[in-house]
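Hydrogens, waters and symmetry mates are skipped; everything else that's a heavy atom, side chains included, is used. Here the structure is a predicted model, which means the values were calculated and not measured. Convention: sequence-line order gives letters A, B, ...; per-chain numbering from 1.
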Number of protein chains: 2
Amino acid sequence: MHFASSLKFILMSKDKKRSNCPISCSLELWGDKWSLLIIRDLMFAKQCTYGDFLKSEEKISTNILAARLKTLEQQMVIEKLEHPTSKSKVLYQLTKKGIDILPILVEINLWGEKYYDDLPDRTIALLSDVKKDKKGFINKTMKKLDID
Amino acid sequence: MHFASSLKFILMSKDKKRSNCPISCSLELWGDKWSLLIIRDLMFAKQCTYGDFLKSEEKISTNILAARLKTLEQQMVIEKLEHPTSKSKVLYQLTKKGIDILPILVEINLWGEKYYDDLPDRTIALLSDVKKDKKGFINKTMKKLDID
DNA sequence: TTAAACTACTTGCAAAATGCAAGTGAATTT
DNA sequence: AAATTCACTTGCATTTTGCAAGTAGTTTAA
């Protein structure tokens, strides 16, 4: 079992890293059109059900969502929790590793502000906070997300 | 010609944005496994030829490289320059819009430092600078990249 | 001066990823 | 007890990727 499972790990995991560059490694994890949106939703909401993700404006399809949640969980960026009141619901939330992505999302928002129009209201509000005190905003938000 | 080209623009450009969220918009532009590596190379080198990109450790395939360069140029993240001494070479460099991605790359590097091992030497050197004075590093690097 | 080598790409094709619609089975509500 | 909700899965067509080989202009070496 030990041997079999580690063999399986070796054979099945596509962890033939292209390089040790952290940009490259990061892209292999969340370098697609959807992963960071899942992470964004969790930054805003702290906890989401599967259905919450499906409700997001960008309309991820359900099979892609399931696949992304699985790899993000495997890579320990998010974790599953049991729902306090319902057995049929599942809660997802960010781990420390996931929460630490916040500064990246903040910088993407700042870049987006410069080069895109018609930002959503919640982004405008967020950016207003960020520009008053970036470090403070990040600390505050990380504390809010912190695992209890 | 006016009508035809704008019609073509309307029909061919896949600019049906999923949403106005800057995260989502950014991902539609460089949310793949390769674009940010091209941008990274240009942040380090200021100017690269087509062949320079192909030489990078991650070994992008030539058709993907051509496709990414084209869309990054269309989106005005990079621009083409003629090579000072050779007619057969082409130089690529970042525009202001591209240079402004630097803070995002810096944060990805900082995140990567926490969660990956065996970082390349140049990343370690970069991070050492960044951690002494993040704003200073970004200003310095942006100035270095600035279009002459 | 001409052939070989180098440049920035393009093309063809197989394999993988994506996106849509329709299921499935367990838990919950009516 | 039936209908609805929940978190997924499955099947399949379309799109994107990745590999290998090719091409046309440019530069180099004989």
Quick one: which of D:dA7, C:dT18, D:dT17 gets closest to the side chain of B:I64? D:dT17
Proximal nucleotide (of C:dT7, C:dA8, D:dC8) relative to the B:T49 side chain: C:dA8
Once you round it to whole Å, what is the distance between P of D:dT16 and CD of B:E28? 12 Å
Taking only the side-chain heavy atoms of A:V90 (C-beta and beyond), determine which of D:dC8, C:dA8, D:dG18 contains the nearest atom. D:dC8
Given atom CG of B:L65 and atom P of D:dT17, what is their separation to the nearest angstrom? 13 Å
NA contact type, B:K80, heavy-atom cut-off 4.0 Å: base, sugar-phosphate, or nothing? sugar-phosphate
Ignoring the backbone of B:W34, work out which of D:dT26, D:dT9, D:dG18 is nearest its side chain. D:dG18
Closest approach to the side chain of B:Y50, judged atom by atom: which nucleotide of D:dG25, C:dC9, D:dA7 is it? C:dC9
Taking for each residue the nucleotide of DNA chain C with the nearest heavy atom, is it A:S61 or B:G51 whose nucleotide lies nearer the 5' end? B:G51
Short side-chain donor-acceptor distance under 3.5 Å, B:E58 and A:S19: yes
From C-beta outward on B:S86, which listed nucleotide comes closest to its side chain: D:dT27, D:dA7, C:dC9? D:dT27
With a 3.5 Å distance limit and no angle check, can you tell me whether B:K33 reaches the backbone of A:L27 through a side-chain donor-acceptor pair? yes
What integer distance in Å separates A:E82:CD from D:dC6:P? 18 Å
For a quick check of understanding: with a heavy-atom distance under 4.0 Å over all strands, which category does A:Y92 fall into, base, sugar-phosphate or nothing? sugar-phosphate
B:K33 NZ - C:dA16 P separation (whole Å): 16 Å
Under 4.0 Å, counting only non-hydrogen atoms across every strand here, what does B:N63 touch: a base, just sugar-phosphate, or nothing? base
Among C:dT7, C:dC9, C:dT28, the one nearest B:S88 by side-chain distance: C:dT7
How many Å lie between NZ on A:K87 and C1' on C:dG25, as a whole number? 15 Å
Under 3.5 Å, is there a donor-acceptor pair between the side chain of A:S128 and the main chain of A:I124? no
In whole angstroms, the gap separating P of C:dC9 from CG of B:D52 amounts to 12 Å
Side-chain contact check for A:R68: nearest option of C:dG19, D:dT17, C:dT18 is C:dT18
Within this structure, what is the CG-to-P distance between A:L54 and D:dT9, rounded to whole angstrom? 13 Å
Between the side chains of A:S26 and B:Y116, does any donor sit under 3.5 Å from an acceptor? no
To the nearest angstrom, how far is B:L69 atom CG from C:dT7 atom P? 16 Å
A:Y92 versus A:D41, side-chain donor and acceptor atoms under 3.5 Å: no
